[in-house]
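This report refers to the structure that appears directly beneath it.
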Amino acid sequence: MFGIDDAGRFTFATDEFAALLGRTPDELVGTPVEAVVAAEDRETLVTARQAVSSASDRLTRTCQVTLPQSDLPGPVPVELTTAADGSVVGSLCRPTRSADPFRYLFDLIQDAVVGFEIVNYVPIVRTVNPAFVETFGYDPEEIVGEPLNDYIVPGDRVEEAINYDQRTAEGEINYAVVSRKTADGCREFIYRGVPYDTADGRRCGFAMYTDVTDSRRQKRRLRVLHRVLRHNLRNELSVVFGMSEYVRANATESAVSLAASRALDAADRLAAVSETARNVETALDGDSGQPVDAAALARAVADSYRPDTPVETDLPETLPVSGGTAVYDAVDNLVENAVGHTPDGTAVRITAERDGQDAFVRVLDDGPGIPAVERAVVFEDADITNLQHGSGLGIWLARWVAEAAGGGIEYERADGWTTVSLRLPLSDADDVLTLADTVGPEPTRQ
């Protein structure tokens, strides 16, 4: 609580109010009230004070002001009332922590959050959380009341930031990956901007910044390394194939011919791994939210193995799921893995069914099953090491496709049969891709 004289100066202040401003009551006495209020709120406060002080009867006015010297989150209501002696008594109406659970989230969340007010299409900082201070390096007293963009937006991103501010001013939500200046240089963030209107009609908002710099840089590096390695591997394998074929064709000793054949077999396996890696990259670049008919895709996979390899199916007429065109690749790789570990002449089965909000596409075989070391890595999230990593990419691709769609992969071994199941979310969309849209003409096995 505090008192104000006719000239607009503090006449007294309680210890609690003075402490909010980092002052003592004696230091506040005689200080103009407007001096502790944000510049843009001073006229509002003066108007309310003059109305109360000039009233002939008891009058109360409430206005919203920001106190930059305090740690209060943004504008707070200040109530001014006519005292018995004609002076003005003010009180700060701030919610207690128990009444404001949002404050706990604001203070403790690890993402940088800034509360702002849109003034002439410019975001003016009203409050920042501790994570913002740590990330961007500005204490509240430095940045509260200042234009946000002046402090954190790089020079080459100003126009982009202005576009986001205009959307906020119009009540639109923003979601984007942006670059921002931090205490550690420019970094990349997932930016979420949420506007809201205050009771007195001001357009305000919150901006949350999640640092994704390291993950995005790692992804770009891996993509470059993958493409360079695959390109170099292709070129070097061409040399290996050519020279091994030459040696085998011109060998005069059976041992030399056998060695060349083994080299060709190893090169074939390495080329197959490279091709699978390319397929993985292509599959995962697709739209994982696109609805497709899993039953039609499973039939296409089975047909591509027939008649040389018997693949049985037990499928519904249609089964719309989320997952995009990569669902075909996932099922195909599971069937290829099953065929490779099944005794000659034994059928592999593909089944599918609905279960609640999910669909299950299952590939079964009566081979020896997946080795425990590989199961631990792919299905049980064991650490990947030099001795425990899995020998192929096919099941990994199936897992990644399912997870990207919001599903998963499961393994079961019972009664001599191995079952690997893809769990995919059911889709009720009308624009389910047809088989021709998904994989083109029906594929065949060579």
Side-chain angles (χ1 to χ4, degrees), residues 1-100 102-103 106-107 114-120 122-130 132-133 138-148 151 198-202 204:
M1 183 177 291
F2 53 89
I4 310 175
D5 62 19
D6 291 341
R9 295 184 294 267
F10 285 109
T11 57
F12 75 90
T14 62
D15 290 337
E16 182 182 12
F17 177 77
L20 282 173
L21 302 175
R23 313 278 283 278
T24 65
D26 289 342
E27 289 173 336
L28 283 179
V29 172
T31 300
V33 176
E34 288 77 16
V36 303
V37 175
E40 63 274 8
D41 294 330
R42 291 171 184 169
E43 184 176 350
T44 299
L45 180 63
V46 168
T47 301
R49 177 181 63 77
Q50 290 176 343
V52 171
S53 63
S54 62
S56 56
D57 296 320
R58 180 182 176 86
L59 180 66
T60 298
R61 286 281 186 271
T62 301
C63 59
Q64 297 278 341
V65 300
T66 298
L67 305 174
Q69 299 170 28
S70 76
D71 63 352
L72 296 176
V76 293
V78 172
E79 187 177 272
L80 303 178
T81 303
T82 308
D85 60 0
S87 62
V88 176
V89 174
S91 60
L92 205 60
C93 306
R94 63 190 181 104
T96 63
R97 276 211 178 251
S98 60
D100 185 20
F102 168 76
R103 186 69 195 187
F106 184 82
D107 286 343
V114 53
F116 57 86
E117 178 184 354
I118 295 293
V119 179
N120 295 325
V122 175
I124 304 299
V125 177
R126 295 299 184 220
T127 183
V128 295
N129 74 341
F132 182 96
V133 175
Y138 298 107
D139 292 326
E141 54 267 24
E142 294 180 79
I143 198 169
V144 169
E146 300 294 330
L148 175 63
Y151 287 77
T198 63
D200 56 359
R202 293 178 298 156
C204 297

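For the single chain, residues carry numbers from 1 onward in sequence order. Since we're looking at a predicted model, the values are computed, not measured.
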In sequence, state the C-alpha distance, the side-chain angles, and the governing distance for Thr60 and Glu79, and then conclude on side-chain contact (heavy atoms from CB on, under 4.5 Å).
CA-CA 7 Å; Thr60 298; Glu79 187 177 272; 3.4 Å; yes

Run the numbers on Val133 and Val128 for side-chain contact (heavy atoms from CB on, under 4.5 Å), then give the verdict.
CA-CA 7 Å; Val133 175; Val128 295; 4.0 Å; yes

Regarding Arg49 and Glu34, does a basic nitrogen lie under 4.0 Å from an acidic carboxylate oxygen?
yes

Look up atom CD in Glu146 and atom CD in Glu141, then write down how far apart they are to the nearest 0.5 Å.
12.0 Å

State, to 0.1 Å, how close Pro68 and Ala38 come at their nearest heavy-atom pair, and which atoms those are.
CD-N, 3.6 Å

Would you mind reporting whether Phe116 and Ile124 have side-chain heavy atoms less than 4.5 Å apart?
no

Are the side chains of Thr198 and Pro75 in touch, meaning some heavy atoms are under 4.5 Å apart?
no

In Å and rounded to the nearest 0.5 Å, what is the OG to CG distance from Ser91 to Leu80?
8.0 Å

Quick one: are Thr82 and Val88 in side-chain contact, heavy atoms under 4.5 Å?
no

What's the shortest heavy-atom distance between Val37 and Leu67, and which atoms?
CG2-CD2, 4.1 Å

Ignoring hydrogens and angles, tell me if any N or O in the side chain of Asn129 forms a donor-acceptor pair with the backbone of Phe106 under 3.5 Å.
yes

For the residue pair Val122 and Pro147, what are the closest heavy atoms and their distance?
CG1-CB, 3.9 Å

Which value, rounded to the nearest 0.5 Å, describes the distance between Arg202 atom CZ and Asp200 atom CG?
4.5 Å

Under 6.0 Å from the CD atom of Glu43, do we count more than 12 heavy atoms belonging to anything else shown?
no

Has Asp6 got more than 12 heavy atoms of other residues, nucleotides or ligands less than 6.0 Å from its CG?
no

Going by atom types only, do Thr24 and Asp26 share a side-chain donor-acceptor pair under 3.5 Å?
no

I'd like to check Val114 versus Leu148 (side-chain heavy atoms, cut-off strictly below 4.5 Å). Are they in contact?
yes

Any side-chain heavy-atom pair of Pro25 and Asp15 under 4.5 Å
yes

Nearest 0.5 angstrom please: Thr81 OG1 to Leu59 CG, how far?
8.0 Å

Show your reasoning for whether side-chain contact (heavy atoms from CB on, under 4.5 Å) applies to Ile143 and Phe132.
CA-CA 11 Å; Ile143 198 169; Phe132 182 96; 3.9 Å; yes

Counting C-beta onward and ignoring hydrogens, is there a side-chain heavy-atom pair between Leu20 and Leu92 closer than 4.5 Å?
yes

To the nearest 0.5 Å, tell me how far Arg61 CZ sits from Thr44 OG1.
13.5 Å

Look only at the side chain of Gln50 and the backbone of Thr47, and say whether a donor-acceptor pair between them is shorter than 3.5 Å.
no

Report yes if some heavy atom in the side chain of Arg23 is under 4.5 Å from a heavy atom in the side chain of Thr31; otherwise report no.
yes

Are Leu28 and Leu21 close enough, and set up right, to give a side-chain contact (heavy atoms from CB on, under 4.5 Å), and what steps lead you there?
CA-CA 9 Å; Leu28 283 179; Leu21 302 175; 4.1 Å; yes

Between Phe2 and Phe12 (judged by ring centroids, cut-off 6.0 Å), do the two rings come close enough to count as a pair?
no

Name the orientation class of the two ring planes belonging to Tyr138 and Tyr151 (parallel below 30°, tilted from 30 to 60°, perpendicular beyond 60°).
perpendicular

Check Gln64 against Pro77 and note the closest heavy-atom contact, atom names and distance.
OE1-N, 3.6 Å

Separation between CZ (Arg126) and OG1 (Thr66), nearest 0.5 Å, reads 4.5 Å

Any side-chain heavy-atom pair from Val33 and Leu45 closer than 4.5 angstrom?
yes

